[in-house]
Amino acid sequence: MAKVREDSKKRDSSRFTFCSPSARGTSHVTLRAPSGTAPRKGGGGRGREGGDGRRRNSLTQTRRGGGRKDCILARLVPRARLSMTTIHWFRKGLRLHDNPALVAAIDENKELRPVFVLDPWFVRESRTGVNRWRFLAQTLVDLDTSLKQLGSRLFVVRGKPEEVFPKLFKEWNVEKMTWEVDTEPYARTRDEKIEKLSKEHGVKVVCKVGHTLYDTEKVIRTNLGKTPLTFQGLEGVLKKIGLPPKVVDRPTSLPEGCKISSEVASDPKYDPPTLKDLGVVESDLEPCLYPGGETEALKRLEKYMERKSWVRSFEKPKTIPNSLQPSTTVLSPYLKFGCLSCRTMYYRLLEVYGSKPSQIAQESLLGQLTFREMFYTVGATTANFDQMEGNAICRQIPWKRDEKMLEAWEFGKTGFPFIDAIMIQLRKEGWIHHLARHAVACFLTRGDLWQPWEDGMKVFEELLLDADWSLNAGNWMWLSASAFFHRYFRVYSPIEFGRKTDPHGDYIRKYIPKLKKFPDNYIYEPWKAPLSVQKAAGCIIGQDYPRPIVDHQKAREENLKRMGQAYQAGK
DNA sequence: TTACCTGTTGTGGGG
DNA sequence: CCCCCACAACAGGTA
């Protein structure tokens, strides 16, 4: 049976672990355009017919300023040159299933051109590590393949969106453009610019909500303009709204008018980027555990949904952070890029549960989706959400930035094997369990190192495959007891927390082979091992593996005091 | 005003 | 495996 909430309490929902891109910082890769990929000037290449005379006139009018002469001229121009195009702009939402904006772009009288823009901003300003670049590259290839099966393709273009699109509007004779709503700050500014440019070019824009279960603006309106800051608060609002919109069918074929010529379909200038194009040095990559793409996402979803009793009894807090194989679904990277629709997952879960959402516990997989929704909703309506300063919901805490502390944490050199193993797994594999994120986030901030949560967030942003801006910032505030969560005296022990679920330290031995030979009773605190034991293990602490960067008990106590003071000051 | 309840996921000890 | 408690005590909502 589905895990039903105890008693009459109505709770349900969830979120997927932490992260997404934001401003500042440096990327570790540079973008190189493949040779010969500069956008072709002038409208060549489109020999197909389409559209009707009336449409042509109105478009020509709008675009050229509406002069009467233009109308007459338009009638004289051969039809073929004036066939209309619709652009669907892929950003997130890198999928064909449940993609309302893509479906809105399908019009039998217009050629469909699905576009992905390799925006130099993302390359330079977003903190995207090699694992996530690889995931994106794989995702784009998968998307292109799926589109080709429909008689279309993915058009990957390089450049700033505000420079790319005006060129494409002219070159492709674009009449309409669709995209999925993105609530992140950079995306909003970008999309406003493109919407304005579209108007100037007479291009109609259609935006659809698809990355979140609900329209975040509608959620806020329903809550009378207030941003829900608790799970229960959000749940109450969602209950008023009802179920999220039904999933939209995946297009299984395209009308003839939407298809592109084989010449265009095989033009290499629009091909998805290779890893080299993205500046990724292949030798820097570890084996790929979570391949990107919609195909993989749906396969993974089904693999887990088949395990019905597992799904029904799933309780996030009871899953294991340090198992050798993931104890949760690892669907988060697919949700982040929109390879998997959260609504598809939502309704698939309801099928498996066989009960109403209100009967499903908040620790369930469905609950994780509601937490995701909460962070998206709050992130969409809170100024400076990804920083402490100027962030109205974030407690002001006098963190003390120390580069050495941050670096030790970031590269798994704190001397606490449990913490270091997690950070090493993160760097290598791009994914760590949600509770492992808790342990290292608490350790970096209020627990031990007293470093600003923003610094930790940026590291996650680079290294996580599922780095999702709203979730990352929200969870870092949560774990640092800066917002959402306030019981700061609950501190994860960097020693005991891991020991509960992995008493032999197999996880540590896997990711820190140097410590492999330590006996079980010292594996979580090897500095306590007598020198003879260290020698026997072939690993001298302070030489082959770092001494603990802080005394956990002392640091914890001191930080508790500081938290108390910060909370007092905030009143 | 005060008391109480609830809030996804602490630790360490005990039964 | 489960639950309970003390630890020392947060915010925000409700009665």
Side-chain angles (χ1 to χ4, degrees), chain A residues 3-18 223-224 226-238 313-323 327-328 357 360-375 378 392-397 416 418-419 422 432-443 445-448 471 474-501 503 524-525 552-571:
Chain A
K3 159 86 180 167
V4 172
R5 301 165 166 202
E6 309 85 25
D7 59 64
S8 59
K9 274 183 262 164
K10 297 156 205 157
R11 316 182 259 147
D12 71 86
S13 50
S14 68
R15 108 206 118 186
F16 273 89
T17 20
F18 291 44
N223 200 36
L224 308 172
K226 281 182 295 177
T227 302
L229 288 173
T230 62
F231 183 89
Q232 315 270 357
L234 176 67
E235 204 177 36
V237 188
L238 299 187
S313 60
F314 182 95
E315 289 175 79
K316 188 66 163 278
K318 290 189 182 160
T319 56
I320 296 172
N322 47 3
S323 51
S327 62
T328 50
I360 308 300
Q362 70 190 110
E363 296 85 359
S364 69
L365 284 167
L366 197 77
Q368 306 308 306
L369 287 177
T370 309
F371 269 107
R372 175 180 184 272
E373 198 73 7
M374 182 175 90
F375 287 128
V378 183
I393 68 161
C394 181
R395 190 164 298 277
Q396 305 298 299
I397 296 168
F416 289 90
F418 179 59
I419 300 296
I422 293 168
I432 50 177
H433 185 276
H434 187 68
L435 292 177
R437 303 181 196 203
H438 279 216
V440 296
C442 180
F443 185 86
T445 57
R446 66 187 168 85
D448 294 83
L471 277 56
N475 276 297
W476 272 97
M477 281 188 266
W478 186 299
L479 262 300
S480 60
S482 301
F484 305 108
F485 171 83
H486 314 283
R487 283 169 288 185
Y488 58 76
F489 38 88
R490 292 189 177 174
V491 176
Y492 288 90
S493 163
I495 297 145
E496 301 306 331
F497 184 67
R499 193 131 64 184
K500 274 189 301 188
T501 45
Y524 282 88
E525 26 190 3
H552 172 63
Q553 288 309 329
K554 274 190 201 161
R556 178 184 174 279
E557 236 168 86
E558 201 176 312
N559 292 344
L560 278 175
K561 262 185 225 154
R562 289 165 162 170
M563 287 302 286
Q565 285 163 4
Y567 268 66
Q568 275 301 313
K571 278 183 184 170

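Computed from a prediction, not measured in an experiment: that's the story for all the values here. Labels below follow one simple rule: chain letters A, B, ... track the order of the sequence lines, proteins then strands, and each chain is numbered from 1.
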Can you check salt bridge (charged side-chain N to carboxylate O under 4.0 Å, His left out) on A:Lys554 and A:Glu557, steps first, answer last?
CA-CA 5 Å; A:Lys554 274 190 201 161; A:Glu557 236 168 86; over 6 Å; no

How long is the straight-line distance from CG of A:Asp448 back to CZ of A:Phe443, given to the nearest 0.5 Å?
4.5 Å

Just how far, in rounded Å, is C1' of C:dC10 from CE of A:Met477?
17 Å

What is the distance from CD of A:Gln553 to P of B:dT11, rounded to the nearest Å?
11 Å

Identify whether any heavy atom of A:Ser493 sits under 4.0 Å from a base atom; if not, whether one sits that close to sugar-phosphate; answer base, sugar-phosphate or nothing.
sugar-phosphate

If you look at every strand shown and take non-hydrogen atoms under 4.0 Å, does A:Arg395 touch a base, only sugar-phosphate, or nothing?
sugar-phosphate

Taking A:Lys500 first and then A:Glu496, would you say they form a salt bridge - that is, a charged N and a carboxylate O separated by under 4.0 Å?
no

Please determine, for C:dC1, whether a Watson-Crick or G-U wobble partner exists with both distances under 3.5 Å, and give it or none.
none

Take atom OH of A:Tyr524 and atom P of B:dG12, then tell me their distance rounded to the nearest Å.
13 Å

Please identify each residue that fulfils side chain to side chain contact (heavy atoms under 4.5 Å, CB included) with A:Gln553, with sequence neighbours left out.
A:Asp551, A:Arg556

Earlier contact from the 5' end, DNA chain C, for A:Tyr567 and A:Arg490
A:Arg490

Paired nucleotide for B:dC5 [Watson-Crick or G-U wobble; both distances under 3.5 Å]:
C:dG12

Distance between P atoms of C:dA9 and B:dT6 (Å, rounded)
22 Å

Taking NZ from A:Lys500 and P from B:dG13, how many angstroms apart are they, rounded to a whole number?
14 Å

Residue A:Lys316, side-chain atoms from C-beta onward, closest of B:dG10, B:dG7, B:dT8
B:dT8

Looking at every strand, decide which applies to A:Phe484 at a 4.0 Å heavy-atom threshold: base, sugar-phosphate, or nothing.
nothing

Below 4.0 Å: OP1/OP2 of B:dT8 and any side-chain N or O of A:Lys318:
no

Under a 3.5 Å distance rule, please check whether A:Gln396 uses its side chain to pair with a backbone N or O of A:Cys394 as donor and acceptor.
yes

For the backbone of A:Tyr488 and the side chain of A:Arg446, can you confirm whether one donor and one acceptor N or O come within less than 3.5 Å of each other?
yes

Span that lies between the P atom of B:dG7 and that of C:dA8, in whole angstrom:
25 Å

Specify the separation, in whole Å, of atom CG of A:Leu435 and atom P of B:dT8.
15 Å

Tell me the interatomic distance from A:Leu229, atom CG, to C:dG13, atom C1', rounded to whole angstroms.
13 Å

Looking at B:dT6, C:dA9, B:dG10, which one has an atom nearest to any side-chain atom of A:Gln232?
B:dT6

Nearest to side-chain heavy atoms of A:Gln362, which nucleotide of B:dG10, C:dC10, B:dT8
B:dT8

Considering only atom P, compute the distance from B:dC5 to C:dC4 and round it to an integer number of Å.
15 Å

Taking CZ from A:Arg446 and P from B:dG10, how many angstroms apart are they, rounded to a whole number?
9 Å

Quickly work out the A:Leu560 CG to C:dC7 C1' distance and round it to whole Å.
11 Å

So if I take every side-chain heavy atom of A:Trp478 and compare against B:dT11, C:dA11, B:dT8, which nucleotide ends up nearest?
B:dT8

